[in-house]
**Student:** 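Take this structure, written in structure tokens, and hold onto it; I'll ask about it next.
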Amino acid sequence: MIEVVASMARGPVFLAGEVLECLITFTNPMSHLSTSASSEMLAWASAQIHCQFHASESRVALPAQGTKQDVQAESDTVLIPSKGERGQCVLDTPPKILFCDLRLDPGESKTYSYSEVVPTDGPPSFRGQAVKYVYKLTIGCQRVNSPIKLLRVPFRVLVLHGMPEPPFPQDEEVAPSNPFLEEEEGSRRDTRLLERALDMLMITTSRRCPYMFNITNMRGKVAKFCIFKTVYRLGEDIIGTFTFSEGDIPCLQYSVSLQSEEEVQEQYQRRPGQAVSVTGHGRHLESCLHTASSHFSLPVPLNVTPGFTTDIVMLRWRLHFEFVTAREPVEAPVVLQNQSEVTVWTGAEHVDVDTFSWDLPIKVLPTNPTLASYVSQFTGTNSINI
């Protein structure tokens, strides 16, 4: 028996364009003191990244696939990273050979390093109601005259969309490179790319400009709403303020919800005019009768997917507001200036109300992948015995 352990040391979340690094250790767990101990042999091992796509049949109408088959797919000696997986493989990197003809004596282990650039032309990791995009690192191993064994390590990919310039400018080095420092220079270059992307994210989401909105219904002005920006990173707080003292209509209650909209592109919709799937990610509810001003704070969860668009689906973000207003003026309690006794104000038992809603589109961008790793459902580590 050989134990195979794969571990992503930095964590299971990466920005597209980053270099994914994984250490893969092969161990013969038998003690050399055991009477049945013997050397173990592996013919080869290789690794590659792939993205698996799965669509809901009730929401997405995909074109029929051909019946063409690859004759090599029936062979036990060909590595197919998506073998046994649901859905379609929409993206994969070329396989990289880790070794050929590995021999491990009892108690011996060997570690190999796998590195690959996460493709920038793929979708982000996403688990929606209509579609799912799942990334995995697959390691294939095979003993002589035995079927291939697959070890899969799922990870999360964040993609920068809608940035003002490419997230990773390819700056060519003018000075000659040192072949003895190639690995160190590659690591430093990857760090610079990540730092540049994070700097651009910080600049884009740090721009503040007050956006003022007058909230009205058919009866008049309800309040003034102010928000300082509409672009946020994962993990940021969305803060907004209401000024009800400038309104003519009494507002009894308001709520603000952070929502994502998953819309299947028209040509792939199962039914004409198919409804958009809306998912809530946080809600603030407050009673505000006789309140001059109020504010709310809604955090953008670290584990959600920023907005993106593919040929099949589009994900957008919005703030959804709901207001409950009175049809008639509601008198406020009167407290005399010199009154010494406590006065209890009792609200009206019956109030005729109107309700209305409003949606404010916002943009949600990725964040530092290291920060997102702390709340990831993935561990970045997996193992198998072969």
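Any value given below was found using the heavy atoms of this structure, including those in side chains, with hydrogens, waters and symmetry copies removed.
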**Student:** Is Arg270 salt-bridged to Glu57, cutoff N-O under 4.0 Å?
**Tutor:** no
**Student:** Cut-off 3.5 Å, side chains only: do Ser383 and Glu3 have a donor facing an acceptor?
**Tutor:** no
**Student:** Centres of the Phe296 and Tyr254 rings: under 6.0 Å?
**Tutor:** no
**Student:** Please tell me whether Phe228 and Phe242 are part of a single hydrophobic cluster in this structure, the criterion being side-chain heavy atoms less than 4.5 Å apart.
**Tutor:** no
**Student:** Do other residues, nucleotides or ligands put more than 12 heavy atoms under 6.0 Å from the CE atom of Met218?
**Tutor:** no
**Student:** Same hydrophobic cluster for Phe356 and Phe244, using side-chain heavy-atom links shorter than 4.5 Å among ILVMFWY?
**Tutor:** yes
**Student:** Say whether Gln52 and His54, considering side chains only, have a donor N or O and an acceptor N or O under 3.5 Å apart.
**Tutor:** no
**Student:** If we count only N and O atoms by modelled type, under 3.5 Å, do the side chains of Ser376 and Arg156 hold a donor and an acceptor together?
**Tutor:** no
**Student:** Only one of Glu263, Gln259, Glu262 passes side chain to side chain donor-acceptor pair (under 3.5 Å) with Arg316; say which it is.
**Tutor:** Glu263
**Student:** Does a side chain donor of either Thr379 or Thr381 reach within less than 3.5 Å of an acceptor in the other side chain?
**Tutor:** no
**Student:** Using the benzene-type ring in the case of Trp, are the ring centres of Phe99 and Phe26 under 6.0 Å apart?
**Tutor:** yes
**Student:** Can you tell me if CD on Glu328 sees more than 12 non-hydrogen neighbours from other groups inside 6.0 Å?
**Tutor:** no
**Student:** Are Trp358 and Phe213 close enough, and set up right, to give a ring pair (Phe, Tyr, Trp, His ring centres under 6.0 Å), and what steps lead you there?
**Tutor:** CA-CA 11 Å; Trp358 171 53; Phe213 301 90; 5.1 Å; yes
**Student:** In plain terms, say whether Asp101 and Arg103 are close enough for a salt bridge, that is, a side-chain N and a carboxylate O under 4.0 Å apart.
**Tutor:** no
**Student:** Report yes or no: do Tyr133 and Thr305 form a side-chain donor-acceptor pair below 3.5 Å?
**Tutor:** no
